[in-house]
Amino acid sequence: MRAMSTITTSDGTEIFYKDWGPKDATPIVFHHGWPLSADDWDNQMLFFLAKGYRVIAHDRRGHGRSSQTDTGNEMDTYAADVAALAAALDLKGAIHIGHSTGGGEVAHYVARAEPGRVAKAVLIGAVPPVMVQKDSNPQGLPLEVFDGFRAALAANRAQFYIDVPTGPFYGFNREGAKVSQGLIDNWWRQGMMGGAKAHYDCIKAFSETDFTEDLKAIDVPVLVMHGTDDQIVPIHDSAMKAIDLLRHGTLKTYDGLPHGMCATHPEVVNPDLLAFIEG
């Protein structure tokens, strides 16, 4: 029985994690989006725990209860932190599920994982192949969009972290949307637990990292799930391209669902995750 809920990485960063369920059960590892924490997966963790799985979720460095690092806030280090966690917990045949930025982390980690560590992966509303607009990605979002994120974070992070979940993240800005104040407040709570410098740096990590070669290298089954009304990571420049780069990919799209569909529509998402994991 492990009482400790953090690991310390090679550069001295403490990574907080939750590890629930039978230690001999199939492990499912959840990777959260920016600027959130492991808590964003509460619904899915309870769902899969009840199905008999071992469920694990960590707070990315600089996020949640992990160290508020001013360095290492980029994908190479994020993936190395995941590798350190997988080694510390001796995870074998794990399923790695990543949302948004966490989907990029999953792609970057799984492409490099030790043989036997990973059985399957899931990318939900995920950032790969690459978000920012450039010559090789003309359909991407202009750099100015992400500069705007950085400016808003630096100017008034607390207000920015109200505006994002109130508006595009959960689709609460759409006519007829069923708004949950609890989800908005919980998004803000998770965001404000993390460090401003790490969150600022992570915007570059999720928007400018090119995951094309990672996607090509992954040799396990991958489920790509994406809402067609994702206002944060537009589906045409992410899932629709990622699926063509994966060797063993399956694409499932969700008509009208938002970026944060795991929280707004768990009753839709969870059974599909279960079917993929058990399939």
Side-chain angles (χ1 to χ4, degrees), residues 6-17 29-38 40 57-88 96-114 118 121 123 125-134 136-137 140-154 157 160 190-191 193-218 232-233 237-238 242 245:
T6 62
I7 62 158
T8 303
T9 66
S10 58
D11 71 349
T13 300
E14 285 201 343
I15 302 293
F16 170 88
Y17 68 91
V29 185
F30 296 92
H31 305 245
H32 65 78
W34 173 94
L36 304 173
S37 74
D40 202 43
H58 68 291
D59 290 354
R60 185 171 302 115
R61 65 169 53 217
H63 294 63
R65 290 139 293 204
S66 292
S67 300
Q68 291 199 5
T69 46
D70 67 329
T71 58
N73 303 307
E74 31 69 25
M75 280 294 162
D76 288 348
T77 307
Y78 295 160
D81 291 346
V82 175
L85 182 65
H96 285 263
I97 300 176
H99 174 243
S100 195
T101 301
E105 182 178 273
V106 166
H108 213 56
Y109 164 70
V110 172
R112 292 159 176 72
E114 294 175 11
V118 180
L123 308 179
V127 297
V130 61
M131 285 193 77
V132 77
Q133 186 180 66
K134 53 183 182 176
S136 60
N137 188 41
L141 292 170
L143 183 63
E144 292 76 34
V145 171
F146 305 108
D147 286 341
F149 284 8
R150 281 181 277 262
L153 187 154
R157 185 167 69 125
F160 185 41
Q190 291 178 71
M193 285 169 69
K197 172 67 162 67
H199 287 175
Y200 188 95
D201 292 349
C202 188
I203 294 169
K204 181 181 178 73
F206 75 64
S207 63
E208 295 183 36
T209 304
D210 191 329
F211 301 96
T212 299
E213 296 307 316
D214 293 331
L215 296 173
K216 289 179 183 177
I218 294 171
I232 304 291
V233 182
D237 196 47
S238 52
L245 296 166

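Index from 1, following the sequence. Because the structure is a prediction, the values reported are computed rather than measured.
Applying the salt bridge (charged side-chain N to carboxylate O under 4.0 Å, His left out) definition to pairs two or more places apart or across chains, those involving residues 101-111 are Arg60-Glu105. Pairs passing the salt bridge (charged side-chain N to carboxylate O under 4.0 Å, His left out) check and including a residue from residues 125-134, sequence neighbours excluded, read Lys134-Asp210. Counting only residues at least two apart or in different chains, salt bridge (charged side-chain N to carboxylate O under 4.0 Å, His left out) contacts with residues 196-208 comprise Lys197-Asp201, Lys204-Glu208.
By the ring-ring contact (aromatic ring centres under 6.0 Å, His included) test, His58 is found to be paired with His31, residues two or more places apart in sequence or in another chain being considered. In this structure, Gln68 has no side-chain hydrogen bond (donor to acceptor under 3.5 Å, both in side chains) partners at least two apart in sequence or on a different chain. For Asp59, the salt bridge (Lys or Arg N to Asp or Glu O under 4.0 Å) partners at least two apart in sequence or on another chain are Arg65. By the ring-ring contact (aromatic ring centres under 6.0 Å, His included) test, Phe146 pairs with Phe149, sequence neighbours left out. For Asp147, the side-chain hydrogen bond (donor to acceptor under 3.5 Å, both in side chains) test picks out Arg150, with sequence neighbours left out. Annotation: salt bridge (Lys or Arg N to Asp or Glu O under 4.0 Å) contacts of Asp70 (sequence neighbours excluded): none. Take Tyr78 and apply the ring-ring contact (aromatic ring centres under 6.0 Å, His included) test, not counting sequence neighbours, and it matches no residue. Remark: Glu114 pairs with Arg117 by the salt bridge (Lys or Arg N to Asp or Glu O under 4.0 Å) rule, at least two apart or across chains. The salt bridge (Lys or Arg N to Asp or Glu O under 4.0 Å) check on Asp76 picks up nothing, with sequence neighbours excluded.
The closest side-chain donor-acceptor pair between Gln190 and Ser37 falls under 3.5 angstrom.
Of the inter-residue distances, the one linking Asp81 atom CG with Leu85 atom CG reads 9.0 Å to the nearest 0.5 angstrom.
Nearest heavy-atom pair, Asp237 versus Val130, reported as atom, atom and distance to 0.1 Å: OD2-O, 3.4 Å.
Without hydrogens or angle criteria, Ser66 side chain to Gly62 main chain gives no donor-acceptor distance under 3.5 Å.
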